[in-house]
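Naming convention: chains lettered A, B, ... in sequence-line order (proteins, then strands); numbering from 1 in each chain. Just so we're clear, the structure is a prediction, and the values are computed from it rather than from any experiment.
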2 protein chains.
Amino acid sequence: MGKRVTLSDIARHTGLAISTISTVLNGHAGTRIPSDTAQRVHEAAELLGYAPDPAARGLRTGRSGIIGFISDEVTVTRYASAMIRGLIDTADTADYVVVMSETDHREERLERALEVLRTRRSEGLLFGLMSARRIDLPPLGGAPAIVVNGVAEGVGSVLPDEERAGREAVEHLVRRGHRRLALIGRSDVHLDPAVSVTIGDRMAGIDAAMAEAGLAFEHEVEAVYWEPEVSHRGAAEILDHHPEVTAIIALNDRMALGVYQAAQERGLSIPADVSVMSFDDEQLASYLDPPVTTMRLPYLEMGALAMERLLESVVSGAPIPDSRMLVPIPLIERGSVREIRGPGTA
Amino acid sequence: MGKRVTLSDIARHTGLAISTISTVLNGHAGTRIPSDTAQRVHEAAELLGYAPDPAARGLRTGRSGIIGFISDEVTVTRYASAMIRGLIDTADTADYVVVMSETDHREERLERALEVLRTRRSEGLLFGLMSARRIDLPPLGGAPAIVVNGVAEGVGSVLPDEERAGREAVEHLVRRGHRRLALIGRSDVHLDPAVSVTIGDRMAGIDAAMAEAGLAFEHEVEAVYWEPEVSHRGAAEILDHHPEVTAIIALNDRMALGVYQAAQERGLSIPADVSVMSFDDEQLASYLDPPVTTMRLPYLEMGALAMERLLESVVSGAPIPDSRMLVPIPLIERGSVREIRGPGTA
DNA sequence: TTGTACGCGTTATCAT
DNA sequence: ATGATAACGCGTACAA
């Protein structure tokens, strides 16, 4: 909050005209760089600690240096924090600043956020979702926009590569000798784009890898609500009636917790008696005992990539292609999958 | 991104001068309200959808309408999202906008964030911490600032009322007939302000309530790292060697998870065989089976209160008193505590 | 190569 | 009661 140094300060200091300073500092303009005086200008700027006033500059240029980030709810899962960090960092290196708003899933709040951002002359809009759904967006008036972890009509989006993640999860198990698998979580509701646009891909990847390995699930437990209680019951079915199963795939970490609970009730040990794999890698995943091997949703990378693409569009003026950009989902190997030798039996 | 409507638009529309419009719209200035023309101005403004340009206004007034939010890491726990929502909402109703930055606990990033915020002419600074520690802040040059969930030299702060929370946790148990209690988590490290400025209060509250009830813990398990594995072992000690204990207090939810694991291993049921209480109410707390009764860190309220105080200071110019404002911690009753009749025996 | 002048949208001072 | 006018800090076409 000290006194700000302006162009006129450095003009006075160098004895040059304000416009000269501005021209030099902005480089590109007018004629070539008058190398000798340019030097003086830069030195003076450095010395006095000059930084252009974004408001004044914006008034003149129409560019605010602001990117609006609108999310339905900020982070409930482990790496959502990383998504914010990823996008802020990327914005920062381009001298953009991120203004946050949360809609709490309410339409009116979304409208309000857009209005505020518009009057602030936000140069781009980044929509962040905490679950990869399809959403409806009000007309954006052609402002550059992108969706992270979700999709919307006519807007580019950044998504986790769930198809590949599904394949790799299965392949990981198969490579370790598992051939009798069970699955918890498949259900038709998750195929509704308003619920999820990625679970379908995840399942496709899983099914493809199973087929390629010549396998079929010994048992599948449907689950609409992906919560521990549901998978607790589901895992009980599997453990009690399908002892041949050596590995259980839970479609998220919370359901993995349910599997752990069922196993523990029965005195079964993970991974000695049964292996578990899951998806998402939320905070919970590392709390389990043993920590569960899971596919980590790459929030940081998604945030960074989305901001990168958005800024490209903002500066170049070229629209963001209305397509899906996929980010790989790494497998986080922990202690819940064991290697088995002979063709799998429990 | 549509064409913006300015004062001159509405001047042209009404046939009045720009300065007149501005005067009317800002109310306060010059003479009394020329009621008749004021009407026309307001109507025209409404009609055209006028909204003042914050950049232009800020250039003139020196007020940016920006509050900087700087946090070490955005949310790992359940209600941190609520903290952001709380402060954004409060800012919004005062027509302020929140610019986010994350330091990831790194000094250089903190410096950078402050620099960016300074050149953006941020009117106030709000520091958010994910654990209630004491932190060092660089000189802020007198900018209004406040710390949420932490403390810093010479800066006001908003904190959860842990002393009362500690009392209430114990009283809750005692009221339900528990008199043989065990505690997991006390340790000297958490008394270091650089680690925590609130755990000491929590413990003080707990100890006071115990004393008032004429009780002492049957057993205490020290824990430096408040993770499930640690409390898992600790709970094992308690369950194996202190069968008289009817309730265990874990100082956070993750350690409650460890207690659950130990109980389940032994075929003990919660709360039938042993009751559990914990602190924080992170997401995990509701996943447990049964969900654990816990003291909820009031992030939303803390965020809202902090922003409120900060804005008061910003508009009034009065400094924020360098004190601690406490926000109550509600008890979230779930299924992990049972009511017992006779003087407690397991 | 450097300087002049104007405009971006507002607010505030000072005449009218 | 209303309206010129200057100024906030910057960028740029244009003149010197």
Q: What nucleotide, of C:dT11, C:dG9, D:dT12, holds the atom closest to the side chain of A:S19?
A: D:dT12
Q: In residues 54-68 of chain B, which residues come under 4.0 Å of DNA chain D by heavy atom?
A: B:L59, B:R60
Q: Provide, to the nearest angstrom, the distance between the CG atom belonging to A:L16 and the P atom belonging to D:dA16.
A: 21 Å
Q: Expressed in angstrom and rounded to an integer, what is the separation of A:R121 atom CZ from C:dC8 atom C1'?
A: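 About 8 Å, once rounded to whole Å.
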Q: To the nearest Å, give me how far apart CG (B:N26) and P (C:dT10) are.
A: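 Taking atom P of C:dT10 as the reference, CG of B:N26 is at 10 Å.
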Q: Report yes if some heavy atom in the side chain of B:L16 is under 4.5 Å from a heavy atom in the side chain of B:I10; otherwise report no.
A: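 They are not in side-chain contact.
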Q: A:I21 CD1 to C:dT4 P: how many Å, rounded?
A: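 Atom-to-atom, A:I21 to C:dT4, this comes out as 13 Å.
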Q: Going by side chain to side chain donor-acceptor pair (under 3.5 Å), name the pairs with one or both residues in residues 5-15 of chain A, residues two or more places apart or in two chains.
A: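 Found A:T6-A:S8, A:D9-A:R12.
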Q: For the helix from C:dT1-D:dA16 to C:dT16-D:dA1, what is the angle between the axes at its two ends, each from 5 pairs, rounded to 10°?
A: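 One end's axis against the other's: 50°.
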Q: What's A:L7 touching, base or sugar-phosphate or nothing? Going by heavy atoms closer than 4.0 Å.
A: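 A:L7: backbone/sugar contact only, no base atoms under 4.0 Å.
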Q: Quick one: salt bridge (Lys or Arg N to Asp or Glu O under 4.0 Å) partners of B:E107, sequence neighbours excluded?
A: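 Listed in chain order: nothing, the list is empty.
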Q: Rounded to the nearest Å, what distance is computed from the CD1 atom of residue A:I10 to the P atom of nucleotide D:dG9?
A: 15 Å
Q: How close do B:D72 and B:T103 get, counting heavy atoms only, and between which atoms?
A: CA-OG1, 3.3 Å
Q: Do any pairs count as a side chain to side chain donor-acceptor pair (under 3.5 Å) and have a residue in residues 51-62 of chain B, sequence neighbours left out, and if so which ones?
A: A:R121-B:D53
Q: Reckon A:A11 touches a base, only the sugar-phosphate, or nothing at all at heavy-atom distances under 4.0 Å?
A: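 Counting heavy atoms under 4.0 Å across all strands, no contact is made by A:A11.
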Q: With sequence neighbours left out, what residues match A:E111 under salt bridge (Lys or Arg N to Asp or Glu O under 4.0 Å)?
A: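 Salt bridge (Lys or Arg N to Asp or Glu O under 4.0 Å) list for A:E111, sorted by chain: empty.
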Q: Quick one: A:I18 CD1 to D:dA13 C1', roughly how many Å, whole number?
A: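 It is 17 Å, rounded to the nearest whole Å.
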Q: Starting at atom CZ of A:R40, determine the distance to atom C1' of C:dT2, rounded to an integer number of angstrom.
A: 11 Å
Q: Given atom CG of B:D9 and atom C1' of C:dT10, what is their separation to the nearest angstrom?
A: 14 Å
Q: Of all the choices, C:dT11, C:dG9, C:dG3, which nucleotide is nearest to the side chain of A:T20 once you look at every atom?
A: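 So the nucleotide nearest the side chain must be C:dG3.
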Q: Run the salt bridge (Lys or Arg N to Asp or Glu O under 4.0 Å) test against A:D104 and tell me which residues pass, sequence neighbours left out.
A: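 Listed in chain order: A:R106, B:R85.
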Q: Nearest-nucleotide wise, let me know which of B:G15 and A:P52 is further upstream toward the 5' end of DNA chain D.
A: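 Of the two residues, B:G15 wins.
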Q: Do B:I66 and A:V99 come within less than 4.5 Å of each other through their side chains, counting heavy atoms only?
A: no
Q: Extract all donor-acceptor atom pairs below 3.5 Å that involve side chains of residues 310-323 of chain A and protein atoms in other chains or at least two apart in sequence.
A:
| residue | atom | partner | partner atom | Å |
| --- | --- | --- | --- | --- |
| A:S313 | OG | A:A318 | O | 2.8 |
| A:S316 | OG | A:E312 | O | 2.8 |
| A:S316 | OG | A:A318 | N | 3.0 |

Q: Base of C:dG9, side chain of B:T6 - is there a donor-acceptor contact under 3.5 Å?
A: no
Q: Residues in salt bridge (Lys or Arg N to Asp or Glu O under 4.0 Å) with A:E308, at least two apart?
A: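 Not a single residue meets the salt bridge (Lys or Arg N to Asp or Glu O under 4.0 Å) criterion with A:E308.
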Q: I want to check one thing: is the phosphate of D:dT2, taken as OP1 and OP2, less than 4.0 Å away from some side-chain N or O of B:T37?
A: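 So the side chain of B:T37 is within the cut-off, an N or O lying under 4.0 Å from OP1 or OP2 of D:dT2.
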